[in-house]
Amino acid sequence: MKLIHTADWHLGKNIEGHSRLEEQRLFLKDFINICEEEQADIIIIAGDIYDNYNPSAMAEQLFYDTLKQLSRNGDCMTVVIAGNHDNPERLVASGPLARDHGIVMAGTPNSVITPGMYGKNEITESDAGYIHAIIHGEEADILLVPFPSEKRLNEVYLDETEEETKKAASYSEKMSSLFGSLATHFHEDSIHLIASHLFVMKSVEDGSERSIQLGGSYMVGGEIFPENADYIALGHVHKPQKVPGCPKARYSGSPLPFNVRETSFDKQVIAVTLTAGSPC
Ligand SMILES: [Mn+2]
């Protein structure tokens, strides 16, 4: 299975009053070509599709037009999760229409995707934060954890511990417990994927990210991710990098520089070849 991972498009972003929409349009044209050339089976867009909660009609139109072309008439599955910049309800509002094009949209960690056909591929099983998909005959378990704010995380944080202990648990402990319970869905003979939008400690920011929360209480360690994940597609940090302490987790980075510091390194999208039971 060929996966293409991207994130942090920030469609509709202005810098000092200058619109970046034309540059974003050029990137997306490139991106559509890359996905076509690679014959991607699945595309993950790991959050921050838009730059703010109320994107312009032009930004929305650019997004929908791109999704339609990425779909290759429903042949490719595209998975979209919300980042901290996105309005989760608004982002997924087009979900029912997008489904015929193989597009799967998750706004919050407790989103449950309806099983069934998504374009030419199928979701056979689902739960909050989890789908099992059959894509071109290959099976994949995909954990979807859109930007988990403290409030949204508390809505899905369930375990056997007492109420008091639960309250005292740190953000990182809750995230670790969430991924632990989601990973129980992993089937042995399937590809194991994770898509999330969060900040992992020791990752290098370069200033154009809006802090997920001041004081760093939303930071998690690389060890919170399940060890048997094959690939972890992350969004939030705009510089492409492997996640310290978790080599299977990567930030694709944003496709365009959003501040001067970001002009010193190359931007990228990531292509990953996956086979169940062997390293990607
Ligand atoms: Mn971002």
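Both counts, for ligands and for their atoms, begin at 1 and track the order of listing. When a residue number appears, it is its place in the shown sequence, counting from 1.
Side chain of H5 to main chain of L234: a donor-acceptor pair is present (N/O by atom type, distance under 3.5 Å, no hydrogens or angles). Between the side chain of H10 and the backbone N or O of D51, no donor-acceptor pair lies under 3.5 Å.
Aromatic ring orientation, Y218 versus Y171: parallel (interplanar angle below 30°, classes split at 30° and 60°).
Annotation: H132 is not in aromatic contact with H185 [ring centroid separation under 6.0 Å not met].
Put simply, the side chain of S126 reaches to within 4.5 Å of the side chain of V112, judged on heavy atoms.
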Check residues 192-202 and write down every donor-acceptor pair under 3.5 Å in which the side-chain atom is one partner and the other belongs to a residue at least two apart or another chain.
residue: H192; atom: ND1; partner: N228; partner atom: O; Å: 2.7
residue: H192; atom: NE2; partner: H187; partner atom: O; Å: 2.6
residue: H192; atom: NE2; partner: S190; partner atom: O; Å: 3.2
residue: S196; atom: OG; partner: V145; partner atom: O; Å: 2.7
residue: H197; atom: ND1; partner: A46; partner atom: O; Å: 2.9
residue: H197; atom: NE2; partner: D48; partner atom: OD2; Å: 3.4
residue: H197; atom: NE2; partner: N84; partner atom: OD1; Å: 2.9

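Around the Mn ion (ligand 1), the protein atoms of type N, O or S that sit closer than 2.8 Å are D8 OD1, H10 NE2, D48 OD2, H238 NE2.
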